[in-house]
Amino acid sequence: MNDNTTDTASPDVKPLNFLQQIIKKDLADGAHTQITTRFPPEPNGYLHIGHAKAICLNFGLAQEFGGGCNLRFDDTNPEKEDQEYIDSITRDVQWLGFEWAGEIKYASSYFETFYQWAQHLIETGKAYVCHLSADQARKYRGDTKVAGTNSPYRDRSVDENLAELAKMRAGDYDEGACTLRAKIDMAAPNFNLRDPMLYRIRKQTHHQTGDKWCIYPTYDFAHGQEDAIEGVTHSICTLEFADHRPLYEWFTANLPVPSQPRQYEFARLELNYTVTSKRKLKQLVDENLVDGWDDPRMPTIAGMRRRGYSADSIRNFCDLIGVTKSGSTIDVGTLEFAVRDDLNENAPRAMCVLDPVKVVIDNFAECNTVDGIELLSQPAHPNREELGKRELPFTETLYIDRADFTEDTTLSRKKFKRLVAGEYVRLRGAYVIKSNDIVKDNQGNITELRCSLVPNTVGENPPEGIRPRGVIHWVSAEKNIDCEVRLYDRLFNAAAPDAGDKNFIDALNPESLQIIQGCKAELSLQSAQIEQSYQFEREGYFCLDSKHSCDEKFVFNRAIGLKDNWANKV
RNA sequence: UGGAGUGUAGCCAAGCGGUAAGGCAGCGGGUUUUGAUCCCGUCAUGCGAAGGUUCGAAUCCUUCCACUCCAGCCA
């Protein structure tokens, strides 16, 4: 029997992923008494679903094993970074429901220490200032077959290197004139060890440090040290950094760092029909192909939030897909499942008619009305009584969806479970009605359906012999709210929009957004709040759009439709 | 072809020498005042391939194959 589950006695427990196994062992061995992880985004774009996986992993591991997780901005390249991204990232992590340990951390707050460590490396003969141009440096680096060549600047004296580094810091050199490099091994099979750059000159104002610095550490010269300074025990990153691990370890071994973090790599999340690359997402935003970083079609956390995906569903999704080292592409269907699963459980129900056609109840007088209205009551959720009830005003004129009526009387009961001319249908939470007459305009369009209700069928079965074909949703034509509904489809038509040398822009789905005006929603939605999702029965899950909704105008986004097992079968 | 990594069902993923968990998708059926939910059933004689070791191999060994990443003064 192995011990890779939290409780081997129970068959229902999730098996531990490889990182959980490592941490569990480290804790058991006494290698650590407490663990610390970190989520280290560069503030150069908005967070997306891929980051959500990393966030859930790092914060989740800390939570599970009683440690802490830092939120640290890896802000070593002012060229691409911006305060706007820091704000959005902070907001997104919070919204996902995670709490970082202590204050927010910044790599830039360690710059002075990094500089001293650079001097330390020079003093121990392990770094030098190199005046090779970027072009020359590339040639000196060699390739897979030929070893690199030592830079002619490699053997400068300690004093000269110190002086040159000081001049770099002082701004005496132009951008690109020189770099500080580690002196490791130009023949190393791993390119990262062929005297990697440690500092480069960037005469740019930094969003945190202003103009204090004109030299900035590279990722390699910063990341491991940041982890060490913060006491990170398990530094978890994606697969492409595996080749950097020897360098990561070289720095923590050759510098007087306060702790020895370990790096572990996992496979980043890939989703089909989706692009997860900050560069590409930024391009969609910059070229106005979407409505900003938080466009509901974007796989960004802000976009999914605005669309109506709950934080819970995103966390559940990350839980569902697992953590491994094998590169994989998850089917978006799995994400959609997680969204539906959560929303089905938690979203109150409501009714909204997207394509209204008027229904007049000829025998409305048979209702129990007060001022022309019969107030019906419906639970907010079919199997969660604690969510309360809502009131539905039933009036003489109603709206149903055009698609829920047909004049074709040949359709079988199995094939069409809605209203057919001359037949019966149940109005959800209300009466069974019968279609009597059809009123059309001179173009032949249906303008009105004259129907009659079957008395005493609210919450009761109709008398013997009356068999409604199904249940359809409806809204009072007199008491409702007018609204705009936005339906979203996948942003890309291709499963792998950026595969090979394809231009992902070409794969954009021109029908990814459909705006419908003149929809009629039930009155209770008057009090709908931003961030509150509803299931519009028989339609899907909707929430108010945080950007376009206002007091005068209701705009609902459809997060996702209801699962439809029937559409494919007919 | 130098280095690093990965191959278990359509998509994920357990498995750690004792005879292929689970989820998503699919398929079949039942319940239902949402064509939803829910419930039941079904879905790998097979673990990239071929050899070998063993009473026994997805697990160990050998060889091979496929795919991903790396030659930024990006992260």
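Order of the sequence lines sets the chain letters (A, B, ...), proteins ahead of strands, with each chain counted from 1.
- Pairing for B:rG10 goes to B:rC24, judged as Watson-Crick or G-U wobble with the two contacts each under 3.5 Å.
- In this structure A:R349 satisfies the side chain to side chain contact (heavy atoms under 4.5 Å, CB included) test together with A:N344, A:H381, A:P382, A:R390, A:Q535, A:E537, sequence neighbours excluded.
- Judged as a side-chain hydrogen bond (donor to acceptor under 3.5 Å, both in side chains), and not counting sequence neighbours, A:N316 has no contacts.
- The nearest whole Å value for the distance from the CZ atom in A:F337 to the C1' atom in B:rC12 is 13 Å.
- Applying the side-chain hydrogen bond (donor to acceptor under 3.5 Å, both in side chains) criterion to A:S326, with sequence neighbours excluded, gives A:T324.
- For A:Y424, there are no ring pair (Phe, Tyr, Trp, His ring centres under 6.0 Å) partners, not counting sequence neighbours.
- Among the protein residues, A:V458 comes within range of the nucleic acid bases, having at least one heavy atom under 4.0 Å from a base atom.
- Taking atom CD1 of A:I330 as the reference point, atom P of B:rA9 lies 14 Å away to the nearest angstrom.
- As rounded to whole Å, 9 Å separates atom P of B:rC12 from atom CG of A:D331.
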Give me, pair by pair, the N or O atoms of the protein and of nucleotides 41-43 of chain B that are less than 3.5 Å apart, along with how far apart they are.
none

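- In this structure, A:F416 reaches the bases: a heavy-atom distance under 4.0 Å links it to at least one base atom across the strands shown.
- Between the side chains of A:D75 and A:S108, at least one donor N or O sits under 3.5 Å from an acceptor N or O.
- Among residues two or more places apart in sequence or in another chain, the ring pair (Phe, Tyr, Trp, His ring centres under 6.0 Å) test is passed with A:Y173 by A:H131.
- Each of A:K563 and A:V323 was assigned the nucleotide of RNA chain B with the nearest heavy atom; the assignment lying further toward the 5' end belongs to A:V323.
- Between the side chain of A:R349 and the base of B:rU34, a donor-acceptor pair under 3.5 Å is found.
- Distance, A:N344 CG to B:rU32 C1': 13 Å, rounded to whole Å.
- Not counting sequence neighbours, the partners of A:F536 by the ring pair (Phe, Tyr, Trp, His ring centres under 6.0 Å) test are A:F542, A:F556.
- For B:rG15, the glycosidic angle deviates from 0 by more than 90°, giving an anti base.
- Distance, A:E270 CD to B:rU68 C1': 10 Å, rounded to whole Å.
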Expected rows: protein N/O vs nucleotides 72-75 of chain B N/O, under 3.5 Å:
| from | atom 1 | to | atom 2 | distance (Å) |
| --- | --- | --- | --- | --- |
| B:rG72 | OP2 | A:R138 | NE | 3.4 |
| B:rG72 | OP2 | A:R141 | NH2 | 3.3 |
| B:rC73 | OP1 | A:R141 | NH2 | 3.2 |
| B:rC73 | OP2 | A:R141 | NH1 | 3.3 |
| B:rC73 | O2' | A:R202 | NH2 | 3.3 |
| B:rC73 | N4 | A:L132 | O | 2.7 |
| B:rC73 | N4 | A:A134 | N | 3.1 |
| B:rC73 | N4 | A:G176 | O | 3.2 |
| B:rC74 | OP1 | A:R202 | NH2 | 2.6 |
| B:rC74 | OP2 | A:R200 | NE | 2.8 |
| B:rC74 | OP2 | A:R200 | NH2 | 2.8 |
| B:rC74 | OP2 | A:R202 | NH2 | 3.0 |
| B:rC74 | O3' | A:R200 | NH2 | 2.9 |
| B:rC74 | O2' | A:N77 | ND2 | 3.1 |
| B:rA75 | OP1 | A:T76 | OG1 | 2.7 |
| B:rA75 | OP1 | A:R200 | NH1 | 3.2 |
| B:rA75 | OP1 | A:R200 | NH2 | 2.7 |
| B:rA75 | OP2 | A:Y219 | N | 2.9 |
| B:rA75 | O3' | A:D74 | OD2 | 3.0 |
| B:rA75 | N6 | A:H244 | NE2 | 3.1 |

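- A:R418 has a carboxylate O that lies under 4.0 Å from a charged side-chain N of A:D404, or vice versa, which qualifies the two as a salt bridge.
- Using a 4.0 Å heavy-atom distance criterion, A:G540 is classed as making no nucleic acid contact.
- Between A:T324 and B:rA13 there is a side-chain N or O to OP1 or OP2 distance below 4.0 Å.
- The stretch residues 176-202 of chain A participates, sequence neighbours left out, in these ring-ring contact (aromatic ring centres under 6.0 Å, His included) pairs: A:Y199-A:F221.
- Base contact: A:E460 has a heavy atom under 4.0 Å from a base atom.
- Ion pairing of A:D319 with A:R315 is absent here, as no side-chain N (NZ or NE/NH1/NH2) approaches a carboxylate O to less than 4.0 Å.
- Picking from B:rA36, B:rG35, B:rA21 the nucleotide with the shortest atom distance to the side chain of A:L562 gives B:rA36.
- Taking A:H244 as the reference, A:F241 meet the ring pair (Phe, Tyr, Trp, His ring centres under 6.0 Å) condition, with sequence neighbours excluded.
- Going from atom CD1 of A:I321 over to atom C1' of B:rC11 covers 12 Å, rounded to whole Å.
- With sequence neighbours left out, A:S151 forms a side-chain hydrogen bond (donor to acceptor under 3.5 Å, both in side chains) with no residue at all.
- Atoms CD (A:E345) and P (B:rA36) sit 18 Å apart, rounded to a whole Å.
- In this model, the phosphate group of B:rC38 is not approached by any side-chain N or O of A:N383 to a distance below 4.0 Å at OP1 or OP2.
- In this entry the distance linking NZ of A:K53 with C1' of B:rA13 reads 11 Å, nearest Å.
- Among the heavy atoms of the strands lying under 4.0 Å from A:K414 is at least one base atom, whether or not backbone atoms are also near.
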Produce the list of close N/O pairs, under 3.5 Å, pairing protein atoms with atoms of nucleotides 1-8 of chain B; give distances to one decimal.
| from | atom 1 | to | atom 2 | distance (Å) |
| --- | --- | --- | --- | --- |
| B:rG2 | O4' | A:T144 | O | 3.0 |
| B:rG3 | N2 | A:D243 | OD2 | 2.7 |
| B:rA4 | O4' | A:D243 | OD1 | 3.4 |
| B:rA4 | O2' | A:D243 | OD1 | 3.4 |

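- A 4.5 Å side-chain heavy-atom check between A:E64 and A:I23 finds every atom pair outside the cut-off.
- Residue A:E336 is classed as having no contact, given no heavy-atom separation below 4.0 Å to the nucleic acid.
- Look at A:Q21 and you'll find a side-chain N or O under 4.0 angstrom from OP1 or OP2 of B:rG15.
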